[in-house]
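So you know, we letter chains A, B, ... as the sequences are listed, proteins then strands, and number each from 1.
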Amino acid sequence: MSEPATPSVMEALVSLAKRRGFVYQASEIYGGIRGFWDYGPLGVLLKNNIRDWWWRCMVECPPVGPDGSVIDMVGLDSSIIQHPTTWKASGHVDTFTDPMVDCRKTQSRYRADHIWTARAMVKRKNGNVDDLGLYSVMSGDDAPEIFAKRIDKVARKTGGGEVQVPVIESFVPFTKLTTEERAKVIGPDSDEPGTLTEPRPFNLMLDTYPGPIRDEANKAYLRPETAQGIFLNFKNVADTTRVKVPFGVAQVGKSFRNEVTPRNFIFRSREFEQMEMEFFCPPDDALKWYEFWRNERMKWWLTLGIKPENLKFRDHDQDELSHYSKATVDIEYKYPFTAPDFGELEGIAHRGDFDLSQHQQHSKVKLDYFDQELQLRLKEQGVAPDEIKKRSRYIPNVIEPASGLTRAVLVMLCEAYTVESRAGVEKFEFFRFPAKFAPIKCGIFPLVNKDGLPEIAEKLYMDLRTKFTCEYDPKQSIGKRYARMDEIGTPFSITIDTQTLTDQTVTIRDRDTQEQVRVSLAQVESYLRERMG
RNA sequence: GCGGCGGUAACUCAAUGGCAGAGUGUCAGCCUUCCAAGCUGAAUGUUGCGGGUUCGACUCCCGUCCGCCGCUCCA
């Protein structure tokens, strides 16, 4: 009798994760630090297992392409800190640095440069023109219209008259006002002046100052995504590794974002780990590859044992696309805290040639690619020489599957978290990890701590530990040891009993069914390997 | 950053302004031939942190940090 994770179990899950050493709050003894988490002894094993599987599926054994040929894929581990111009070129300096304004009255938050202000001038019936104050509306082509409607209402309440609608060019962004003027503005959703706070710059990138001098000229950023390190090395990889377009470069590593509100356990943290791959392809094939990776990535998540009904695609609307993207789809998961809605897990973006073009422009280094195969093919097709020259040299387009490793850990924890009622325990909670990803694969126990059983168990342990992550435990009752293994998601428990002394067989207990099979000592390894996936 | 709620042992939680406790877990010993069993014992707290009120503060007040929910943002 098991029940699915619901929002109410999130706290229980976090407690269990803490109690058994999966995830701790960072700097806990100092009261914690918002948005940062430490992965404990079991958490790091789980995380590494997921990371290794991604690397295996992406770099060492990438999928076969749509045309049946193996995809070229290489790995990379670029620096967290890169030349600051990287982030200028990528657009992160501009788009990640938004001055924000809060309304004290309505609790709304706005981008300061999106608030447009204008004087509300109303021509009364007696011919006088009254100034009703400095009103604001959200920026946009319809700003004058919205402004007019709003002021008309105010005017009617104060005696009527004709609103003098400002032309769109005459609106003044909130950021351009003086401090005194800002204190008099009536917010877009407010009805009294002075409820908007001063704009506060909010840069989503964390910065630091490498070297001895701490000034603006030496400012550098901790990467907000691993992707740019790949783009910076596009030429290096293309020049030194014999890969040919189309090819991919994959990377796993830490990224940093100064999130406004870190929330929901490790879902949104300020330091997180990404698994990103940039796939470079001819512009004409980009959509084909976009479709390909979209499907491949969904297949990959299913290999983690995630229930298909907990995963779904969500295509981005045109107006929510990032500054760089031509098309993006998210793979979403039904987290306990978003349910019944879904939350982001991975984004697959068609980035066009934006990144390489930007870096080419800012670095003045050519980042185009000469496609010799395409040249030959065009020649065979009898295309004119000028045309061949033009088309066989291009800036590749990029398809980017970018997922959060630390989010994958969260999904794994959510998906595996199970509550069952068992004999003696009304609510027994444990992690039902797929064997392949379980931090500990196997516990090895002597049924009792005497009669020569510990010696045999220890010998088996010394052998198995060279092949799987194992634990040996001779202490306490067997039930307690099984329960402890179940709790941390260990799929198998091997017990040495007195029968082992006579026929050299042991029992192997399955975490999910609690059933045991007898296997000879010699076959334990192959038995486990078969079930490990 | 704004608003609301909260913070006591590793975890879950008690404690009229008056001796900081329980269960679970952990550890040790005994006992145990298969599922958190039994018995005995042990360790673990500047009650998030810092101030204030008071003879006396886990308890009341202020500040701060952290967490949860809602804005907002995002892999």
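Comparing the same atom, P, in B:rA42 and in B:rC34 gives a spacing of 31 Å after rounding to whole Å. Remark: the separation of the C1' atoms in B:rU53 and B:rG63 is 15 Å, to the nearest Å. Comparing the C1' positions of B:rU59 and B:rG3 gives an interatomic distance of 26 Å, to the nearest angstrom. Rounded to whole Å, the P atom of B:rU8 lies 15 Å from the corresponding atom of B:rC60. Nucleotides B:rG21 and B:rA36 are separated by 23 Å at their C1' atoms, to the nearest Å. The C1' atoms of B:rU47 and B:rA57 are separated by 11 Å, rounded to the nearest whole Å. The same atom, C1', is picked in B:rA14 and in B:rA20; the two are 10 Å apart, to the nearest Å. Distance check on atom C1': B:rG45 versus B:rA10 gives 12 Å, rounded to whole Å.
Panel note: side chain A:R257, backbone A:P224; a donor-acceptor pair is recorded below 3.5 Å. In this structure, A:R481 contributes its side chain and A:Q476 its backbone to a donor-acceptor pair below 3.5 Å.
Backbone-only engagement by A:L345 is indicated by non-hydrogen atom pairs under 4.0 Å involving sugar-phosphate atoms exclusively. At a threshold of 4.0 angstrom between heavy atoms, the contacts of A:Y333 with the nucleic acid are absent. Heavy atoms of A:T500 sit nowhere under 4.0 angstrom from any nucleic acid atom.
Taking atom CG on A:L13 and atom C1' on B:rU12, their separation rounds to 15 Å, with Å as the unit. Look at CD on A:E259: it is 14 Å from C1' on B:rG1, rounded to the nearest Å. With rounding to whole Å, A:E11 atom CD is found 14 Å from B:rG6 atom P. Nucleotide B:rC74 holds its C1' atom 16 Å from the CZ atom of A:F256, rounded to whole Å. In this structure, A:M10 atom CE and B:rG6 atom P are separated by 22 Å, rounded to whole Å. Note: CD (A:Q274) to C1' (B:rC74) measures 11 Å, nearest angstrom. As rounded to whole Å, 17 Å separates atom P of B:rA10 from atom CG of A:L16. In this structure, the CZ atom of A:R257 is 16 Å from the C1' atom of B:rU72, given to the nearest Å.
Under the side chain to side chain donor-acceptor pair (under 3.5 Å) criterion, the residue pairs touching residues 22-39 of chain A are A:K18-A:E28, with sequence neighbours excluded.
Within a 6.0 Å radius of NZ in A:K459, no more than 12 heavy atoms belonging to other residues, nucleotides or ligands are found.
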Report each atom pair, protein N/O against N/O of nucleotides 61-66 of chain B, whose distance is under 3.5 angstrom.
unit_1: B:rC66; atom_1: OP1; unit_2: A:R34; atom_2: N; d: 3.3
unit_1: B:rC66; atom_1: O4'; unit_2: A:G31; atom_2: O; d: 3.0
unit_1: B:rC66; atom_1: O3'; unit_2: A:Q25; atom_2: NE2; d: 2.8
unit_1: B:rC66; atom_1: O2'; unit_2: A:Q25; atom_2: NE2; d: 3.1

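Taking a cutoff of 4.0 Å between a charged side-chain nitrogen and a carboxylate oxygen, A:K480 and A:D473 do not qualify as a salt bridge. Salt-bridge formation is detected for the pair A:E225/A:R351: a Lys NZ or Arg NE/NH1/NH2 atom is positioned less than 4.0 Å from an Asp or Glu carboxylate oxygen.
Residues satisfying the side chain to side chain contact (heavy atoms under 4.5 Å, CB included) criterion with A:I186, sequence neighbours excluded, are A:Y135, A:R150, A:P193. Scored by the side chain to side chain contact (heavy atoms under 4.5 Å, CB included) test, A:R511 finds A:F430, A:R432, A:F433, A:D486, A:P491 as partners (sequence neighbours excluded).
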A correct dot-bracket answer for RNA chain B, with pairs being Watson-Crick or G-U at under 3.5 Å, [ ] for crossing pairs and | for inter-strand pairs, is (((((((..((((....[..)))).(((((.......))))).....(((((..]....))))))))))))....
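Checked against the 6.0 Å centroid criterion, the rings of A:Y333 and A:F342 do not qualify as a close aromatic pair. Ring-centre distance between A:F337 and A:Y335: below the 6.0 Å cut-off.
Comparing A:K18 and A:G404 along RNA chain B, the residue whose closest nucleotide (by nearest heavy atom) sits nearer the 5' end is A:K18.
In this pair, A:Y527 and A:F492 present their aromatic rings perpendicular. The plane angle is above 60°, beyond the 30 to 60° band. Using a 30° and 60° split on the angle between ring planes, A:W289 and A:F279 fall in the tilted class, from 30° to 60°.
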When you check every protein heavy atom under 4.0 Å of nucleotides 25-43 of chain B, what one-letter string (B, S, -) results, 5' to 3'?
-> SSSS---BBBBBB------
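Residue A:K254 is tested with A:Q274, A:E271, A:E273 for a side-chain hydrogen bond (donor to acceptor under 3.5 Å, both in side chains); the sole match is A:E271.
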